[in-house]
Structure formats: structure tokens, C-alpha cells
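Below is one structure; the comments refer to it alone.
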Protein chains: 2
Amino acid sequence: MDVKILCLGVLSRGEASGYEIKKAFEEGPFSHFHQASFGSIYPALNALSSEGLVECRAQAQEKRPDKKIYSLTAKGQQSLTNALLAEPDHDRVRSDFLFILSFAQFLPPARVAALIDQRIAWYRESLERMEGCAAANTAPPGAAFVRNMGIAVYRTAAEYLENNRDALIAEVSAPEVLVAE
Amino acid sequence: MDVKILCLGVLSRGEASGYEIKKAFEEGPFSHFHQASFGSIYPALNALSSEGLVECRAQAQEKRPDKKIYSLTAKGQQSLTNALLAEPDHDRVRSDFLFILSFAQFLPPARVAALIDQRIAWYRESLERMEGCAAANTAPPGAAFVRNMGIAVYRTAAEYLENNRDALIAEVSAPEVLVAE
DNA sequence: ATCATCATATATCGGGTCGAGATATATCTG
DNA sequence: CAGATATATCTCGACCCGATATATGATGAT
């Protein structure tokens, strides 16, 4: 599942510029489970264009670079549908937070506390945005399903951190005492 | 947080060869929240070696490439501790499963069902392995904390899929009827 | 009032990383 | 006995991220 397919997916929800596609992966509904940067989006759009999977309509703007608005062609929609039928690659999670936390014994307890509190705050903010999303009613069934799964998972993660925070801090604060006894 | 730091982290749990480090990211406790391939591990170990952060002890083996066993130096432990104090990069999730599922309306309902069932089975297998892990008692507090968080999150994900599977399949099976009414 | 930062918008480049393969052999499985 | 799997190191091409360049308007800070 390379960036070209990801772009086709975004464009299937409506025409967009490269800049807007980037935003879909940064703030939009896809941001929680896929990313793409300018360095991959712009070359991908050029390739898709020359393959005839997307069409490009340049919209002149005052004193700014022309906005190139891309839209899916019938061939592009077909290509997307085919790609979606392929066996999905295994999920890949990269979490510095969990990596660092798994070495909590090397960190000052105050740092562990700060790390966890930051993360709880992040989950709570994300949940507010996801739950208060006005577009949720009009979203296609798959998108709503994925969104609600994200809410359930984030809520569990936040609650776990809230419920187990103090116990971990106590363990990394005074393990020597327990060993000495 | 590049592969060099990840290798230092693995080596802080005990000496290991490049092959064994790879396994730690493939099957071991790190596999759920970080990955690294041979193409990044071996260059990283060479760089760490020339920086004096790890030591290499070659163990001759009969009729096999010499096993190079790496271990952390004091300088390496210091470097790891410093790196762990840095602000963690934001998490990055890449899930083809969720991407594909968010376009469920383009897929045959039977395919949606198969996709979800596969994923439920994967979560259940992972949970069994994580819960039945004998090393859990001896793990440092941070690692145990992270492991239990993973269990909580995977359990929620599996339950969500089990509880909402049929509703999604119903929605993508006969949406036209609802629109027509 | 001026300076900095951010948002819009496209595009490239260096460096890091993945996945696949090359190489070599022993052991397990059918 | 053939084929798959596990051990073990290492390289290479393709791909992708993050930073940067370019250009300007709007917003915010001092």
C-alpha cells in the first residue's frame, strides 16, 4: 500500500490539491492510521497523472502558486478498488512513547509522570475532536466504523494510563527498598 | 529515535547478535511498537561499534558465519539514558487494514467479513501469547506496564470488531434499500 | 510599528529505512 | 530424500520522511 494508492483513496472522497491531501494525513480522518509527506505525495500525483488515474485542473490564484486540483478518473477508481482487494500488509506501529516507557527504570520518576500525563492529555484531546466531529453522520459506513473503533481504543488507552500511572511511578521511585527488605 | 538507539535499548536487556536483535523486533516484546530490518540493524551496529557505544565479541561457529555478539559499554548505557530523556516523536501507525476498511463501501460484503474475522483471530492469538508470557514476572516495571497496556488495547479492539462486525456488513450489503425508502 | 510565526501552495534533495535477495549450512518434516 | 525452516551476516534498490527553498498574506507578539 504505497503513497499512490493512499492518494487515490483520499481523492475518492472528493477532488483535492497536493496540499489538501497532505492535510488529510496530518489532521484528517486518515491521520491516525496512515501518513504521507510532500516528498512522496507530489511525485505520486505526477506518476498517477501520467498513468491516467487522476486528472489535473490548474486553478490560477492571485499572488500564489497555481493550485493544482486533482480528481479521480474512472480508471483511477478501478485501480483503487483493485488495490483495496489485495491482502493488507501487517500493521506497523512506531511508538517512541512506549519504547521509552518500557525503560522506565532508567528515567527519573518525575519524567515518567510527565510522559504519561502528556500522553493522557493527548488522548483526551484526540477523543474530543473525534467525538465532536460534525462530519461523522455523513461519513460512509466503513469510515464511521473505523472512527468508532479508534474512539474505543483511545479511550481504553487513556483509562489504562490514568488507572496505572501511580503504581508505575511508585515502582520506579523506590524499588531498592523492596529489594533490600 | 533511530535504529541505533533501538539497538542500544535491546542490548540494555542483555548482549545479543544482530540476528537476535532482529528477532526482538519481529517476535519479541518490542515487536508491537517498533520495527527494524537487517538493512538498518547491521549498519547501525557498525556505527555504534566505531563510536565505542557497543563492544563486539566474535564467537566462531562451525560451518556458519561467525556470530558477532554485541554488548553495551558504559558509554553506550549513558548514550541510551540520554536518548530516553529526549522528547518522544509522535506515534506513527500504518494500518492498511483500517485504510481498506474505511472504504468498505467499495468492497464485496464477504470480503469485509473475511478481513474483520482475520483481524479478530490475529488479536486473539496475540493476546494469548502476551498473557501467557512466562517472562512477565521478571520483566522490569516499565516493560510490564507497557505489556499490560497492550493487552488492554488489543482486547478492546478485538471486542469492538466482534460487537460491530455484523452491523457494518449489513450496512455495506444493502445500503441502496435504505436510500430508496 | 515592526518582527516573527503561521497558513497557503508546490517542489526537490539528502539521508534513513524496508524488503528482498545472496551466501552458506544444519535440522526438522513429510 | 526433497523441501522447508532456522541460523547468521550483509548489500542493494526502491521508497519514504523531514527539512529546506520559494513566494506571499494574515495574524500575533513586543
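Quick note on labels: first sequence line is chain A, next is B, and so on, each numbered from 1. What you see is a predicted model; the values in this text were computed from it and never measured.
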Inset, instruction - Using the ring of B/Phe145 (Phe, Tyr or Trp, six-membered ring only), decide whether B/Arg147 places NZ or CZ under 6.0 Å from its centre and within 45 degrees of its axis. - result: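 Judged by the rule (NZ or CZ under 6.0 Å from the ring centre, within 45° of its axis), B/Arg147 is not positioned above B/Phe145.
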Legend entry - Distance under 6.0 Å and angle within 45° of ring axis: B/Lys67 vs B/Tyr19: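 No, B/Lys67 and B/Tyr19 do not form such a contact.
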Legend entry - Intra- and inter-strand pairs of DNA chain C in dot-bracket (Watson-Crick or G-U wobble, both distances under 3.5 Å; | for another strand): ||||||||||||||||||||||||||||||
Inset, instruction - Could you run through nucleotides 14-20 of chain D and give me one letter per nucleotide, 5' to 3': B if any protein heavy atom sits under 4.0 Å from the base, S if only the sugar-phosphate is that close, - if neither? - result: --SBB--
Any side-chain N or O of [X] below 4.0 angstrom from OP1/OP2 of [N]?
{"X": "B/Tyr19", "N": "D/dT7", "answer": "yes"}
{"X": "A/Lys23", "N": "C/dT8", "answer": "yes"}
{"X": "B/Ser17", "N": "D/dT7", "answer": "no"}

Legend entry - Distance, rounded to the nearest Å, where A/Lys22 contributes NZ and C/dT8 contributes P: 11 Å
Inset, instruction - Using the salt bridge (charged side-chain N to carboxylate O under 4.0 Å, His left out) rule, take B/Lys4 and B/Glu51 through it: C-alpha gap first, then chi angles, then the decisive distance, then the call. - result: CA-CA 11 Å; B/Lys4 293 204 295 187; B/Glu51 290 168 34; 2.9 Å; yes
Legend entry - Contacts of type side chain to side chain contact (heavy atoms under 4.5 Å, CB included), residue A/Ala86, not counting sequence neighbours: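 Here no residue qualifies.
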Inset, instruction - Report the residue (B/Glu27 or B/Lys68) whose heavy-atom-nearest nucleotide on DNA chain D is the more 5′ of the two. - result: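 Its nucleotide being nearer the 5' end, the pick is B/Glu27.
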Legend entry - Parallel, tilted or perpendicular: rings of B/Phe30 and A/Phe103 (30°, 60°): parallel
